[in-house]
Amino acid sequence: MTDADVTGAAMTISDFAYQALPMRVRFGAGSVGSLRDELELLGLRRVLVLCSPGQRHIGESVASALGEYSVGLRAEAVVHVPVRVADSAGAAAVTSGADGCVTVGGGSAIGLGKAVALRHGMPVVAVPTTYAGSEMTSVWGLTANGRKETGRDPKVLPRSVIYDPELTVGLPVGVSVTSGINAIAHAVEALYAPDATPISSLMAEEGVRALAEALPVIVADGADVDGRRQALYGGWLCGAALGATTMSLHHSLCHVLGGTLNLPHSGTHSVVLPYVLAFNEAHAPTASAALSRALGVASSPADRLWHLARELGAPTSLAELGMDPRDIDRIVLEVTERPYGNPHPFTQDSLRDLVSAAWSGKWPLCSLAPRPSPAPDSDSRRRLPQ
Ligand code: NAD
């Protein structure tokens with residue numbers, strides 16, 4: 001990586017196609033108070049409020065503030081949207097005569113709202129309380145018999161998003177850290193995505209910068225609303241970058257680890273990210289330079305992320321998350337069978353090295369060693385849709 005890369009002085013703009021997703025955002029402390037106005041604006045009069053069981057109290061206060069605009073509350077959202085939960089929330093929405101859903105919570109609540117939108121065409125308004133970024137994408141997921149099916153559909157993209165940092169003050173610091181690193185992972189893969197554009201890359205770089213600044217503030221004081229504000233802003237941008245691009249090895253590997261072994265979603269992202277980035281960074285020099293700028297380092301961004309995760313108290317190995325090392329080969333096989341692209345093409349052997357290192361927390365990954373002449377970002381990719 002040269003100094004010119006780090007400062008951006010050598011930037012050139014290649015040809016690209018960019019499709020903006022329609023989205024409306026209200027951002028600010030106390031902005032959940034404008035939810036009713038937002039529903040009015042969208043022409044919604046009877047919404048079902050959805051949240052996770054742990055956020056029932058926030059869901060209840062939102063439903064009660066909505067008054068006659070709310071037809072009820074379902075506090076049953078869980079990670080990865082099991083089909084039976086989507087069935088039950090969808091039936092409740094239909095029988096209550098709802099004309100839309102309001103999700104209050106993280107990716108689990110938003111995922112449930114997306115499932116109802118997918119099946120019943122009901123618009124979603126999202127009030128996110130983590131940094132996972134699902135509110136900015138048209139990606140849905142549904143899980144049955146241990147297998148998660150995903151797809152993209154414009155109708156699941158929330159019509160409006162209300163970002164209220166005050167609602168995130170109660171998010172435990174540990175979850176805030178892993179959720180923030182989960183958001184950074186979206187930006188990392190957006191920066192080296194085959195369909196990255198200058199617009200998505202701007203959002204990704206700024207999102208990483210905002211989160212890298214905000215997370216230490218939140219670790220020092222989880223009630224710091226300015227830190228929460230900045231993290232939510234970063235999560236928004238990273239989610240929007242994810243929504244505008246296709247994902248690569250990191251997301252594929254984390255989806256398999258989460259789906260097959262039931263490892264925790266954001267904790268898995270936190271552990272795996274530095275390893276996949278170390279594997280890729282010499283093959284994605286433009287993305288690496290943007291990440292170095294965002295993280296304020298002149299050297300390897302993967303190395304900085306590995307240290308940052310430790311400074312913030314995030315989990316440091318897949319072993320710590322409870323993964324049995326005998327599952328490494330199974331995971332490697334499943335990931336290599338999936339049609340995801342990656343800047344640095346991988347084999348079963350190289351992926352086994354990577355997963356083994358992430359399992360033990362060993363650092364650095366040997367791919368961090370400098371390479372003589374890295375291929376440009378666009379040359380070494382398999383360009384595959386998802
Ligand atoms: P989550 O929604 O399950 O929330 C994580 C934990 O934080 C939960 O225990 C929840 O109860 C708690 N929590 C949330 N808000 C809180 C608050 N304000 N105060 C206290 N506790 C709070 O997890 P997540 O990481 O936000 O989302 C993960 C899910 O989202 C996964 O299913 C993942 O696949 C999906 N996801 C989808 C997309 C997409 O584009 N479709 C993007 C990112 C994540």
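Just so you know, ligand 1 is whichever comes first in the structure, and atom 1 is the first atom listed for that ligand. Note that the structure is predicted; figures quoted are calculated from it, not measured. Note that the numbering runs from 1 along the sequence shown for the chain.
Within 6.0 Å of the CD atom in Glu68, the count of heavy atoms belonging to other residues, nucleotides or ligands exceeds 12.
Protein heavy atom closest to atom 31 (C) of ligand 1, with residue, atom name and distance, is Val79 CG2, 3.7 Å. In this structure, the protein non-hydrogen atom closest to atom 36 (N) of ligand 1 is Ser134 CB, 4.1 Å. The shortest contact between atom 34 (O) of ligand 1 and any protein heavy atom is with Lys148 NZ, 2.8 Å. Here the protein heavy atom with the shortest distance to atom 32 (O) of ligand 1 is His80 N, 3.0 Å. The nearest heavy-atom contact from the protein to atom 4 (O) of ligand 1 is Thr130 CG2, 4.0 Å. For atom 33 (C) of ligand 1, the closest non-hydrogen atom of the protein is His265 CE1, 3.4 Å. In terms of protein heavy-atom proximity, atom 5 (C) of ligand 1 is nearest to Val175 CG1, 4.3 Å.
For ligand 1, none of its N or O atoms has an N or O atom of Ser52 under 3.5 Å away. Not one N or O of His186 is nearer than 3.5 Å to an N or O of ligand 1, by distance alone. Residue Gln55 has at least one N or O atom closer than 3.5 Å to an N or O atom of ligand 1. Polar contact with ligand 1: present for Gly107 (N/O pair, distance under 3.5 Å). For Val139, a nitrogen or oxygen atom sits less than 3.5 Å from a nitrogen or oxygen atom of ligand 1, counting backbone and side chain alike. Polar contact with ligand 1: absent for Asn182 (N/O pair, distance under 3.5 Å).
Checking Thr137 against Ser134 by side-chain atom types alone, no donor-acceptor pair falls below 3.5 Å. Residues Ser34 and Glu38 have side chains that never bring a donor and an acceptor to within less than 3.5 angstrom of each other. Side chain to side chain, His186 and His269 fail the donor-acceptor criterion of an N or O pair below 3.5 Å. Counting only N and O atoms by type, the side chains of Tyr233 and Arg228 include no donor and acceptor under 3.5 Å apart. Between the side chains of Glu189 and Thr245, no donor-acceptor pair is found at a separation under 3.5 Å. Between Asn280 and Tyr192, the side chains place a donor N or O and an acceptor N or O closer than 3.5 Å (distance only, hydrogens not considered).
In the vicinity of Thr129, heavy-atom distances shorter than 4.0 Å reach the ligand 1 atoms 14 (C), 15 (N), 16 (C), 18 (N). For ligand 1, the atoms closer than 4.0 angstrom to any heavy atom of Pro172 are 20 (C), 21 (N). Near Gly170, meaning under 4.0 Å from any of its heavy atoms, are these atoms of ligand 1: 19 (N), 20 (C). Interface atoms of ligand 1 facing Gly106, defined by a heavy-atom separation under 4.0 Å, are 2 (O), 26 (O).
When Ala132, Ser266, Ser108 are checked for heavy-atom proximity to atom 2 (O) of ligand 1, Ser108 turns out nearest. Nearest to atom 18 (N) of ligand 1 by heavy atom, out of Thr168, Leu167, Leu171, Leu242, is Leu167. Taking each of Thr137, Val169, Ile110 in turn, the one with a heavy atom nearest to atom 40 (O) of ligand 1 proves to be Thr137.
The shell of residues lying under 4.0 angstrom from ligand 1, judged by heavy atoms, includes Lys114.
Between Asp99 and Arg45, no side-chain nitrogen of the basic residue sits less than 4.0 Å from a carboxylate oxygen of the acidic one, so the salt-bridge criterion is not met.
Both Leu21 and Leu237 belong to a common hydrophobic cluster when Ile, Leu, Val, Met, Phe, Trp and Tyr are linked at side-chain heavy-atom distances under 4.5 angstrom. Neither Val175 nor Ile110 shares a network with the other; the hydrophobic side chains, linked directly or stepwise wherever heavy atoms of I, L, V, M, F, W or Y lie under 4.5 Å apart, form separate groups for each.
Side-chain contacts under 4.5 Å among hydrophobic residues (ILVMFWY), followed directly or transitively, place Val79 with no other residue at all.
For the pair Arg304 and Trp306, the cation does not sit on the ring face, since its NZ or CZ is not both under 6.0 Å from the ring centre and inside 45° of the axis.
If you look at Trp363 and Tyr275, their ring centroids are closer than 6.0 Å.
Proximity of atom 44 (C) of ligand 1 to the protein is indicated by at least one non-hydrogen atom lying closer than 4.0 angstrom.
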